[in-house]
Amino acid sequence: MVALGVDFGTSHTVAVARWPDGRARPLLFDGSPLLPSAVTLEEQGLVVGRDAVHAARRAPERFEPNPKRRIDDGAVLLGDSAVPVPEMVTAVLRRVLGEFTRTAGGPPDAVTVTHPAGWAATRRATLAEAVRQAGLPAAALVPEPVAAATYFAHVLRHLVPVGSAVVVYDLGAGTFDGSVVARTDAGFDVRAVGGRDDLGGLDFDELVVGLIAKALPAADWARVSGDPRVYRQLRDEAREAKERLSRAASVTVLVPGLDVDVQLTRDEFEASARPLVERSVASLAETLRLSRLTSEQVAGIFLVGGASQMPLVATELHREFGRAPVTIEQPELVVAEGSVLVAAPAPARLPAPARAPAPARAPEPRTAPTQPVATPSGTTPSVATPSVSALPVSPGPVAPVSPLPVSPPMLQRQPYPVPSRPVYLPPPPPPQVLYYPVVPPPMMPMIPLRKGPWSIRWPAGFMTAYAVVLYVGGGLLLLLAGVLNLFNPPPDENISAEDIERFKVDGLEWGAIGLVAATLLINAAARARRPARGHHWYPLALCVIVAVSNLALSAQTRQAGFLIAAVIFILSTAMLLLPGSRRWMRRPPRPPQAPARS
């Protein structure tokens, strides 16, 4: 049985064929396993793939680069014509079927088409209608995280026992999907799903375009952005630059229409892309929390999708979950190949041919040699065939060649040589698994420090400034109290001895309180800037205490300085209660401990 698995993606479509011997190979479209999902309306009809991309240079208004993003729209206006969305999807799937038929010599016996796990019944019905119109046989719709988890367990051979789960981080071109797929007795089941429809590889392409725009003068950028053809070429250059920045520290981009080179570095790209990656990691962490699984039940974090190859993604996941994610060299092929493995039967091995006995020695040449016949018990008795005179002079019509690897036995005049034992081709080696980020040497910091959100930096700055004021004031009070105690000046007519003694005691008390409070504020500000070393309640409680103390001093002394300090620390308390501050101060989960050996 020849099976076909199709992953209809936002930017590209991937198809994988699984042959009867168990080998899975991707279909090649114009020499590449990635077929652009783009569609262009020409006079002869819809054109898909790279032909559509090239045709869009002449008529950008007739071009739709991402039909999957328009799945909820009834029709899309291409030029002057409204084209239904299922018809565009059908055109892409029809191209896949044509390439498979040309390669395999016929239609597939089984078809699986993947879809995001969060799709509702309406979207799945639209996809199923497009599959039916494309002429594919009855196709099974498989959720993308289930296909990815199947690949993780069967192809990469990672241990996923029953009761554990695989966390799938799928960052495609148009959407981000974070899923928790649990292993059950019947297979894999999606336990929790989350993600963002407004986050994908296209958004990172726009970041690269923005970096190029900053490096160009305003007049040159107006020329590039004002021409649709030139701007589309610039977006293609930006996508290639993003992919090259995953492998190199810096790249050079040639701006079309200007013949100007722009230098981009990985550091500035990651600085602009970090908020988007952190948003996806936070969404995955929330999905894992909703699944109610412990860290010991997670078998691994699997990166899927072309945009997940950015090193920043693996670094942020490692920082958040305390373990390195698993990725492969071509994560775009994971979902398509995993879909053909879902509920796929094991490849049948070729039966061992029976050993032919020696030909019978007949005194008459009319007697034909014996022919081996396999019996249910496995023996091969020799059965004599009819004489040559009884056979027809010319053979009957020959049946067509069967697509199966073994043809039915035909009558032979001479016994054919049979190998001594069956020969099986070795299975293809599994793809190489890449684990990164690489752990640096112990003497270097494993994770670089980064700035916290503004709702952390401002309160920490206020606490530091107020601590400096307390250090200065407390030190002066202690100094004056020490001088008075040392020299013990005689009381004058305006200040009594009791007032001087009370000032000594109050100066020592308030000076010590000021120094202690300043030390606590400095420590809280340092811990707020580095969340892994502190707690959220510590700086929050200090801000509340300082605000209340200044309010009390302002009511007692009627001085505006205490009132201003109270307002500042009330605002700091409010900023520390924002979700960004609480997420920053949250302690990362502990990595799972290895089970103790008995």
For [X], check side-chain contact (heavy atoms from CB on, under 4.5 Å) against everything at least two apart and list the hits.
X    : result
T464 : I522, A525, R529
D80  : none
D227 : R229, V230
T126 : I71, P86

Taking only residues two or more places apart in sequence or in another chain, which ones pass salt bridge (charged side-chain N to carboxylate O under 4.0 Å, His left out) with [X]?
X    : answer
E64  : R70
E243 : none
D198 : R196

Could you tabulate the donor-acceptor pairs under 3.5 Å formed by side-chain atoms of residues 115-123, not counting sequence neighbours?
{"from": "R123", "atom 1": "NE", "to": "D72", "atom 2": "OD1", "distance (Å)": "2.9"}
{"from": "R123", "atom 1": "NE", "to": "D72", "atom 2": "OD2", "distance (Å)": "3.3"}
{"from": "R123", "atom 1": "NH2", "to": "D72", "atom 2": "OD2", "distance (Å)": "2.5"}

Is it true that the side chains of [X] and [Y] contain a donor and an acceptor less than 3.5 Å apart?
X    : Y    : result
T10  : N66  : no
Q309 : S246 : no
T13  : S37  : yes
E237 : Q233 : no

Donor-acceptor pairs under 3.5 Å, side chain of residues 202-210 to any protein atom, not counting sequence neighbours: which ones?
{"from": "D203", "atom 1": "OD2", "to": "G200", "atom 2": "N", "distance (Å)": "2.8"}
{"from": "D205", "atom 1": "OD1", "to": "K242", "atom 2": "NZ", "distance (Å)": "3.0"}
{"from": "E206", "atom 1": "OE2", "to": "R235", "atom 2": "NE", "distance (Å)": "3.4"}
{"from": "E206", "atom 1": "OE2", "to": "R235", "atom 2": "NH2", "distance (Å)": "3.3"}

Should E42 and R58 count as an ion pair when the cut-off is N to O under 4.0 Å? yes
Identify, with sequence neighbours excluded, every residue that meets ring-ring contact (aromatic ring centres under 6.0 Å, His included) alongside F63. none
Is any side-chain heavy atom of V142 less than 4.5 Å from a side-chain heavy atom of V113? no
Those residues that, when tested against E99, pass side chain to side chain donor-acceptor pair (under 3.5 Å) (two or more places apart): R102
Side chain to side chain donor-acceptor pair (under 3.5 Å) partners of S572, counting only residues at least two apart: none
